[in-house]
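Right, one structure below, let's go through it.
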Amino acid sequence: MTREMIAILDFGSQYIQLIARRVREQNVYSRIFPAHVPFEELSKLPLKGIILSGGPASVYEAKAPRCDERILDLGVPTLGICYGMQLGCQMLGAEVNPARRREYGRAGLTILDKSDLFANLPDETLVWASHGDQVANPGPGFVKLAQTKTCPWAAVRHAEKRFYGVQFHPEVSHTPKGPEILRNFLYDICGCAGDWKMSDFVAETVQAVRRQVGDARVICGLSGGVDSSVTAALIHQALGDQLVCILVDNGLLRRNERESIVSTFRDHFRMDLRVVDWSHQFLTALSGVTDPQQKRKIIGAEFIAAFKSEACQIPNAKFLAQGTLYPDVIESGAKDGNPAANIKLHHNVGGLPAQLGFELVEPLRELFKDEVRVVGEYLGLPEDIVWRHPFPGPGLGVRILGEVTPPRLEVLRAADEILIDEIKAAGLYRRISQALAVLVPVSTVGVMGDERSYENVVAIRAVDTTDFMTADFSHIPYEVLGTISSRIINEVRGVNRVVYDISSKPPATIEWE
């Protein structure tokens with residue numbers, strides 16, 4: 001089917017992914033393009049509208065990013081947000097200057113025209129502003145739609161070109177009526193049907209995978225995480241036994257993780273799942289190594305060796321499935337100006353496609369993480385996989401600070417299991433974005449019975465985030481933290497102290513290594 005689309009042009013906005021998500025939340029498909037995307041490329045797409053994003057530059061600067069002015073002649077409505085408004089207005093003859101008073105944070109918006117963009121909104125509402133420039137002299141053809149105390153032209157419409165501009169951010173949660181404003185633009189102004197549904201996506205992707213692969217076989221590195229699990233389930237629906245999954249047991253998995261993955265995918269979904277036990281090789285190579293980057297390099301190299309040992313034995317294997325998500329596509333595009341180029345390879349598979357002559361299959365490359373979870377639910381994956389917290393490719397190897405040894409792995413496995421069990425028991429697992437335990441290479445004094453002890457410290461880390469680029473520590477109730485600490489100290493031999501990490505990202509990262 002021909003899918004209607006909203007094209008979002010990126011001028012360097014920190015909220016660019018959020019704009020795309022907000023459009024998709026209205027059941028309208030969106031794609032992000034660099035600001036300099038060729039006019040000819042856009043003109044061939046089934047566009048219903050265009051959004052020009054915000055950005056840090058000033059439109060009157062010599063090197064400010066611009067787009068092809070002919071996009072305003074495509075015949076579809078365009079919405080400019082912040083910098084996008086200023087650029088669109090400038091292209092239509094308006095004057096943009098530094099504001100006498102900059103506007104950052106919440107601002108009161110007075111709506112003057114409710115005929116389209118602000119239909120069914122109150123006369124006054126709060127919006128989130130972030131600009132030092134503003135449209136000073138719009139010129140002929142512009143109609144004022146709204147204003148704030150410091151920005152007379154806070155929202156405009158140019159009737160002839162079907163251009164709309166807002167000098168605030170409707171995509172952020174700090175603009176309470178933002179969803180209604182975007183809905184008015186998408187449905188009433190652009191005439192979108194709102195037919196972007198996951199069931200349609202699955203059906204389209206199944207057909208696309210079949211066309212791409214033909215009668216060849218596809219290999220999928222399965223870790224048990226949500227991305228690789230949904231990738232495997234989707235390709236299995238498309239190809240059945242043509243899919244071969246490989247699980248590499250690196251000896252750094254969590255307690256009972258290997259057994260759980262085998263039970264789910266081999267026993268329940270009847271997938272061809274090959275398990276490569278490479279734990280001895282991993283732990284031997286890691287012996288005596290304490291540097292975090294060196295550990296990652298060793299783990300990556302051993303993974304490739306383990307994966308290749310099995311992949312080379314699968315006849316007619318020509319494709320490698322990978323759980324590339326849309327943020328990976330966007331991130332790569334931001335670096336080289338092309339949203340479809342140089343997609344990041346999964347940290348584990350590294351250069352495997354080139355080494356083995358594989359072609360990539362990336363069925364999730366159009367989706368955000370929350371959309372991947374919806375697909376997983378639609379495909380019938382268990383809830384504990386669909387909503388599983390992120391787990392690093394190097395596994396517990398980067399959650400043990402210092403040398404990785406079998407005894408230290410057992411300590412961390414036991415502590416990690418208690419942490420996750422108690423978070424789930426408290427009903428917090430779905431509210432927390434990621435929770436983990438870290439084994440710290442420090443012995444502290446304690447009292448066990450009537451004797452002094454010098455034993456390990458376990459650090460607990462839990463964060464709340466929407467994009468994993470920034471994060472705040474989770475405000476877990478003290479009684480829950482107390483239960484976690486008590487259980488770990490009493491049940492995990494070798495631990496006498498538990499601490500809770502209350503740092504945010506940035507400056508800290510989520511993982512400790």
Before you tell me yes or no, could you show the steps for F282 and H280 under ring-ring contact (aromatic ring centres under 6.0 Å, His included), namely the whole-Å CA-CA distance, both residues' side-chain angles and the distance that decides it to 0.1 Å? CA-CA 6 Å; F282 276 93; H280 175 74; over 10 Å; no

Report yes if the side chains of V458 and V440 come closer than 4.5 Å at any heavy-atom pair, otherwise no. no

Looking just at side-chain N and O atoms, do E171 and W128 make a donor-acceptor pair shorter than 3.5 Å? no

Approximate separation, where rounding is to 0.5 Å, of L286 CG and T405 OG1: 10.5 Å

Minimum heavy-atom distance between P56 and F11, given as atom pair plus value: CD-O, 3.8 Å

Does some side-chain heavy atom of D195 sit less than 4.5 Å from a side-chain heavy atom of N27? no

Correct closest heavy-atom pair for N496 and I489 would be O-CD1, 3.9 Å

Can we say E403 and R408 salt-bridge, meaning some charged N sits less than 4.0 Å from an Asp/Glu carboxylate O? no

Taking atom NZ of K295 as the centre, report whether more than 12 heavy atoms of other residues, nucleotides or ligands fall under 6.0 Å from it. yes

I want to check something: taking the side chain as every heavy atom from C-beta on, are Q26 and P179 in contact at a cut-off of under 4.5 Å? yes

Looking at N490, I'd like to know if its CG atom is crowded, meaning that more than 12 non-hydrogen atoms belonging to other residues, nucleotides or ligands lie closer than 6.0 Å. yes

Taking D421 for the side chain and K424 for the main chain, is one N or O donor matched with an acceptor at less than 3.5 Å? no

Could you tell me whether the side chains of T465 and S433 share a donor-acceptor contact shorter than 3.5 Å? no

Does NZ in K505 sit with more than 12 non-hydrogen atoms of other residues, nucleotides or ligands closer than 6.0 Å? yes

Does the distance from a Lys or Arg side-chain N to an Asp or Glu carboxylate O, for D200 and K197, drop under 4.0 Å? yes

Evaluate the side chain to side chain contact (heavy atoms under 4.5 Å, CB included) criterion for residues V202 and L379: first the C-alpha distance (whole Å), next the side-chain angles of each, then the deciding distance (0.1 Å), finally the verdict. CA-CA 9 Å; V202 171; L379 293 171; 4.2 Å; yes

Starting from the C-alpha separation in whole Å, work towards a yes-or-no answer on side chain to side chain contact (heavy atoms under 4.5 Å, CB included) for L273 and L222. CA-CA 9 Å; L273 172 60; L222 187 60; 4.1 Å; yes

Tell me, please, whether F391 has R254 positioned over its six-membered ring: NZ or CZ under 6.0 Å from the ring centre and within 45 degrees of its axis? yes

Is it the case that atom CG in L126 sees more than 12 heavy atoms from other parts of the structure closer than 6.0 Å? yes

Using only atom types and a distance under 3.5 Å, with no angle test, would you say the side chain of S486 pairs donor to acceptor with the backbone of G482? no

Is it the case that more than 12 heavy atoms not belonging to R493 sit under 6.0 Å from its CZ atom? no

Could you report the tightest heavy-atom contact between P394 and L252, atom names first, then the distance? O-CD1, 3.3 Å

Is the count of non-hydrogen atoms from other residues, nucleotides or ligands lying under 6.0 Å from Y104 atom OH greater than 12? yes

Taking the ring centre of each residue, are Y429 and H389 less than 6.0 Å apart? yes

Keeping the roles fixed (side chain from E377, backbone from V386), state whether a donor-acceptor pair exists under 3.5 Å. no

If I compare all heavy atoms of G194 with all of E4, which pair ends up nearest, and what's the gap? N-OE2, 3.0 Å

Measuring from R373:CZ to M198:CE, what's the distance to the nearest 0.5 Å? 13.5 Å

Between E180 and R183, is the closest basic N to carboxylate O distance under 4.0 Å? no

Test K318 against E359 for salt bridge (charged side-chain N to carboxylate O under 4.0 Å, His left out), laying out the working first. CA-CA 6 Å; K318 298 179 181 179; E359 182 180 337; over 6 Å; no

Distance-only polar pair, side chains of D249 and S279, donor-acceptor under 3.5 Å: no

Can you tell me how far apart CG (N184) and CG (L79) are? Round to the nearest 0.5 Å. 11.0 Å

So, do L428 and P477 sit near enough that their side-chain heavy atoms are less than 4.5 Å apart? yes

In terms of side-chain geometry, is the basic nitrogen of D272 or R266 positioned less than 4.0 Å from the acidic oxygen of its partner? no

Restricting to non-hydrogen atoms, name the atom on F307 and the atom on G221 that form the minimum distance, rounded to 0.1 Å. CE1-CA, 3.6 Å

Where the side chain of R430 meets the backbone of G427, is there a donor-acceptor pair that is under 3.5 Å apart? no

Expected output: side-chain S474 to main-chain V463 donor-acceptor under 3.5 Å: yes

Measure the spacing between OG1 of T284 and CH2 of W278 and express it to the nearest 0.5 Å. 11.5 Å

Test R258 against D277 for side chain to side chain contact (heavy atoms under 4.5 Å, CB included), laying out the working first. CA-CA 10 Å; R258 170 174 165 175; D277 190 338; 3.2 Å; yes

Got a salt bridge between R431 and D464, using NZ or NE/NH1/NH2 to carboxylate O under 4.0 Å? no

Around atom CG of D241, are there more than 12 heavy atoms from other residues, nucleotides or ligands closer than 6.0 Å? no

Heavy-atom distance under 4.5 Å between the side chains of T483 and V480, does that happen here? no

Please determine whether side-chain hydrogen bond (donor to acceptor under 3.5 Å, both in side chains) holds for the pair Q293 and E513, giving the CA-CA distance in whole Å, both sets of side-chain angles, and the decisive distance to 0.1 Å. CA-CA 8 Å; Q293 287 302 96; E513 281 195 346; over 6 Å; no

Has Q212 got a side-chain atom pairing as donor or acceptor with L360's backbone, closer than 3.5 angstrom? yes

Between the main-chain N or O of E259 and the side-chain N or O of N256, is there a donor-acceptor pair closer than 3.5 Å? no

Is there a side chain to side chain contact (heavy atoms under 4.5 Å, CB included) between E366 and Y29? Walk through the geometry before answering. CA-CA 10 Å; E366 294 184 348; Y29 178 66; 3.4 Å; yes

Return the minimal non-hydrogen interatomic distance between A20 and I32, and the atom names on each side. CB-CD1, 3.9 Å

Taking the six-membered ring for Trp and the full ring for Phe, Tyr or His, determine whether the centres of F319 and F358 are under 6.0 Å apart. no

Return yes if some donor-acceptor pair links the side-chain N/O of R461 with the main-chain N/O of A437 below 3.5 Å, else return no. no

Distance flag, aromatic centroids of H169 and Y15, threshold under 6.0 Å: yes

Does any N or O in the side chain of D10 come within less than 3.5 Å of the main-chain N or O of P34, such that one atom is a donor and the other an acceptor? no

Hey, does E302 have a side-chain heavy atom less than 4.5 Å from the side chain of N250? no

Any side-chain to backbone donor/acceptor pair from S223 onto G225? Under 3.5 Å, distance only. yes

Answer whether the closest heavy-atom distance between the side chains of L409 and R413 falls below 4.5 Å. yes

Side chains of D501 and F473: does their closest heavy-atom pair fall under 4.5 Å? no

How many angstroms lie between OG in S13 and CD1 in I51, if you round to the nearest 0.5 Å? 11.0 Å

Between R21 and D370, is there a side-chain N and carboxylate O pair less than 4.0 Å apart? yes

Can you tell me how far apart CG (L439) and CG (N456) are? Round to the nearest 0.5 Å. 5.0 Å

Side chains of T444 and R497: is there a donor and an acceptor less than 3.5 Å apart? yes

